[in-house]
Amino acid sequence: MPKDSLSELNPPQKKAVETIDGPLLIMAGPGSGKTRVITSRIAYLIKNCGVSPHRIAAVTFTNKAAKEMQSRLQSLLGHGIRGLTSGTFHSFCAMTLRIDGELIGLGRDFVIFDDDDQINTVKRSMKETDIDPKRFSPRSILSAISNAKSQLLGLQGFVENKSNYYDEIVSRVFERYEEILQQSNAADFDDLLLKTHTLFDTEPEVLKKYQERFLYLMVDEFQDTNVAQYNIAKQIAEKHKNLCVVGDPDQSIYSWRNADIRNILSFQSDFSQAEVISLEENYRSTQTILDGAKNLIASNKERVNKDLWTKNVKGSPITVMEGYNEEEEAQLVVREIGRYVDSGNYVLGDISVMYRVNAQSRAFEMACQRYGVPYQVVGGIKFYQRREVKDLIAYLRLILNPHDDISLSRVINVPTRGIGQRTLDELTRTSVTLNLPIFSVIENLSNGKAESISIPIQLGARAIKAVEDFKTLIDNLRSESEKQNLIELIDSVITRTGFRHHLENDEQSEERIDNIEEFRSSAREYAQSEGQEALITFMESIALVSDIDGMEENLDFLTLITLHQAKGLEFPVVFITGMEEGLLPHIRSIDTGDPRELEEERRLCYVGMTRAKERLHLIRAFRRGFRGGSEPSAPSRFISEIPRELIYIPGQTENEGIETSLQDNKIGSSASPSVKNSTQSFKPSRSEASHSFESSSRKNPPTERMRLPGSKHLQAQRVVPVRRRRVVNKIVAPHSKLSFKTGDKVKHPSFGEGIVLNFEPSGDDVQVTVAFKESLGVKKLMAGVAKLEKL
DNA sequence: AATTAGGCATTTTTT
DNA sequence: ATGCCTAATT
């Protein structure tokens with residue numbers, strides 16, 4: 001990208017940047033330079049109009065997008081952007097509530113309940129309202145609650161609007177759910193928005209503060225905002241009316257999360273004088289890819305047509321391939337990727353494999369491991385959602401806020417300390433009757449005043465002892481926490497609670513300890529600030545990060561990603577996999593019979609296709625396995641919605657002539673028209689990092705089934721398989737030397753130094769038995785996985 | 001109270 | 001096939 005300066009913008013882009021007064025709606029097609037416009041606009045406000053960054057807020061869809069914007073502005077304006085507010089709606093609201101939430105009864109150190117906590121809370125609520133979780137799924141009840149909150153209804157609104165038996169059930173759970181949250185001084189994701197709205201609604205002074213401060217407000221990915229978010233934006237912008245929203249209705253893919261595409265219509269009616277600017281020139285994709293995508297999306301009925309165009313080269317046809325099953329699909333893809341890399345024109349970081357559901361990543365991971373392709377999975381099982389990490393977080397939260405019943409229930413018996421379900425039930429029951437948090441019940445218990453207060457509780461002496469010990473444990477950690485920094489605190493939690501020991505006894509102890517180690521180092525950057533402050537900030541950052549936030553651009557890794565997460569990204573080469581009826585229009589969207597759901601699937605496919613700059617592959621499997629079995633699947637209807645002449649099917653020769661060389665396909669990385677058609681030079685191929693594939697493989701037609709290449713010569717590039725499940729989202733670079741002999745001194749990242757007692761090759765790795773010093777003892781480790789270092 | 005076995009639902013996407 | 005939940009066992 002060239003420097004963001006006004007002269008390099010096309011006329012509508014320029015207009016979008018310079019239209020600063022009054023409401024503005026920017027309709028930005030894929031690849032139309034939206035991000036540039038947003039950053040240029042902010043830079044323009046600051047530099048040309050002399051607006052203080054302090055008075056500008058920019059809301060993005062992910063923290064990653066916010067960070068990217070920040071860094072681009074930084075390079076444009078240097079320190080001139082200090083004071084700029086940028087982030088997601090959720091993080092903005094969390095901050096607002098942290099400051100002024102007390103006015104609406106939210107304690108300063110409230111905790112944020114994530115999805116997992118929410119489900120637990122719903123389950124508990126159902127139990128306490130005698131609603132059978134087998135008859136009504138907690139998940140669907142939660143989604144009803146979330147839906148109500150996203151529409152700014154809240155409990156009260158929901159109760160008033162309920163119209164059937166199911167609503168009645170939900171409202172009972174909802175009521176209890178809110179009580180638990182209140183008592184735990186917690187807010188769920190939707191509360192962050194809802195409560196901020198309420199705060200602004202009921203406290204004019206607070207609202208005024210924000211209204212006056214934010215002269216300019218920008219909202220990115222507007223098509224994916226929900227009613228609550230839009231209304232918060234409206235509240236803030238009400239005074240100055242300088243609200244700029246940027247979006248593309250064709251890329252709206254989050255309606256299941258209550259995003260409401262009608263916000264775009266509302267915006268136009270709420271701000272009738274709003275200027276509307278369309279960005280229609282695409283700088284990203286080849287003509288062919290853009291045409292394919294345009295034709296696909298044209299099948300949607302509910303949309304306004306856009307006139308997307310590009311000056312880019314025609315480029316290669318869209319390749320459609322078919323494998324027998326998902327394994328062969330993956331093999332096909334990985335082998336094709338090998339050809340790209342071998343050509344020297346692409347590095348792995350240029351390529352991405354996209355799929356509808358996370359479960360699909362598995363086959364690709366396995367294929368990558370077999371072929372030695374380093375890869376990066378975005379998302380999947382979220383790091384902070386791993387059991388051991390969540391347990392540790394629950395301890396930290398409890399230390400911060402002992403009233404957090406959900407966290408307390410989570411860890412009161414982890415590791416097991418003789419407090420079973422009976423005891424916990426009894427404590428919970430009492431807390432409900434007394435309308436007190438569980439921790440307070442325990443406190444009263446241990447004051448020895450149980451009888452005098454006449455707590456109606458029935459527990460054996462042994463249970464009481466155990467519970468009291470737990471209370472003392474938390475109390476001690478709590479008082480220590482004020483003197484310790486974050487890392488010290490985490491360490492004392494791990495040791496004092498017996499958590500470390502507990503992990504060591506676990507079957508997957510290595511993996512779990514690794515994860516805790518990872519967690520510990522992620523806390524490091526927060527450890528500077530003082531005592532509890534650090535803990536609060538850290539907890540908040542954990543609750544609000546997304547997987548995509550952690551994704552790095554790394555030339556050496558192939559990216560595996562869901563279509564949803566791919567929004568906003570671009571890659572020279574894109575493989576969209578699982579192009580099958582039931583998967584890409586997902587079965588759930590077909591089953592409902594709601595055409596709008598099917599159209600959203602089509603938009604999802606459109607988003608995926610428009611991520612591609614130069615090469616687009618659509619792959620499907622003839623049979624797909626699920627729930628153990630395997631069933632035949634039909635090609636996705638979306639394939640047939642792409643004009644045949646844009647498609648190349650290997651094996652069907654008549655179209656082969658269309659395929660152009662890779663060189664002809666290259667699109668200059670610059671958005672400026674002058675260089676676009678030139679066959680620009682590629683990124684220099686990085687010999688030391690290049691991942692060479694068996695050269696003969698490129699001669700094999702992709703459809704022919706072939707044996708996996710021998711792997712010896714790939715050893716150096718091989719990514720070590722990480723047990724069955726992945727340990728960290730990013731698989732780190734492989735280890736160079738995996739040879740050990742008895743007596744070798746080795747170093748483990750968390751266990752420290754040790755001596756090799758024994759070793760035996762196992763698959764591609766070596767299982768090493770190591771004696772570590774101190775109390776750590778003898779362990780069997782996979783050398784590559786454990787990142788063992790020879791000393 | 002803790003561990004284990006067997007039954008069952010589950011998988012769309014995530015701030 | 002896996003993981004979660006309940007029931008049964010020690």
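Side chains included, hydrogens not; waters and symmetry mates left out as well; all remaining heavy atoms used. In what follows, every chain begins at residue 1, and chains take the letters A, B, ... in the order their sequences are listed.
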Using a 4.0 Å heavy-atom cut-off, does A:N63 contact any base of the nucleic acid, only the sugar-phosphate backbone, or nothing at all? nothing
A cation-pi test, strictly: NZ or CZ of A:R98 under 6.0 Å from the centre of the six-membered ring of A:F110 and no more than 45 degrees from its axis. Yes or no? yes
Closest listed nucleotide, where the reference is the side chain of A:Y254 and the choices are B:dT11, B:dT14, C:dT2: B:dT14
Sub-3.5 Å donor-acceptor pair from the side chain of A:N300 to the main-chain atoms of A:R303, do we have one? no
Close approaches to DNA chain B from residues 87-97 of chain A, in residue order (heavy atom, under 4.0 Å): A:T88, A:H90
Expressed as a whole number of angstroms, how long is the span from A:R410:CZ to C:dC4:P? 11 Å
Give the residues of residues 118-149 of chain A touching DNA chain B, defined as any heavy atom closer than 4.0 Å, sorted by residue number. none
Would you call the rings of A:Y230 and A:F222 parallel, tilted or perpendicular, taking 30° and 60° as the class edges? perpendicular
Counting only N and O atoms by type, is there a donor-acceptor contact under 3.5 Å from the side chain of A:S184 to the main-chain atoms of A:A186? no
Looking only at the side chain of A:V357 (C-beta and beyond, no hydrogens), which of the listed nucleotides C:dT2, B:dT13, B:dT14 gets closest? B:dT13
Return the value, rounded to whole Å, for the distance between atom CZ of A:R603 and atom P of B:dT13. 18 Å
Quick check, does A:W256 stack with B:dT13? I mean ring centres under 5.5 Å and planes off by under 30°. yes
Apply the test salt bridge (charged side-chain N to carboxylate O under 4.0 Å, His left out) to residues A:K34 and A:D248: give CA-CA distance (whole Å), side-chain angles for both, the deciding distance (0.1 Å), then the verdict. CA-CA 10 Å; A:K34 181 188 71 167; A:D248 177 5; over 6 Å; no
Who passes salt bridge (Lys or Arg N to Asp or Glu O under 4.0 Å) against A:R603, sequence neighbours left out? A:E600
In this structure, how many angstroms lie between the C1' atom of B:dA1 and the CG atom of A:L424, rounded? 13 Å
Report which part of the nucleic acid A:T423 touches: base, sugar-phosphate, or nothing (heavy-atom distance under 4.0 Å, all strands). sugar-phosphate
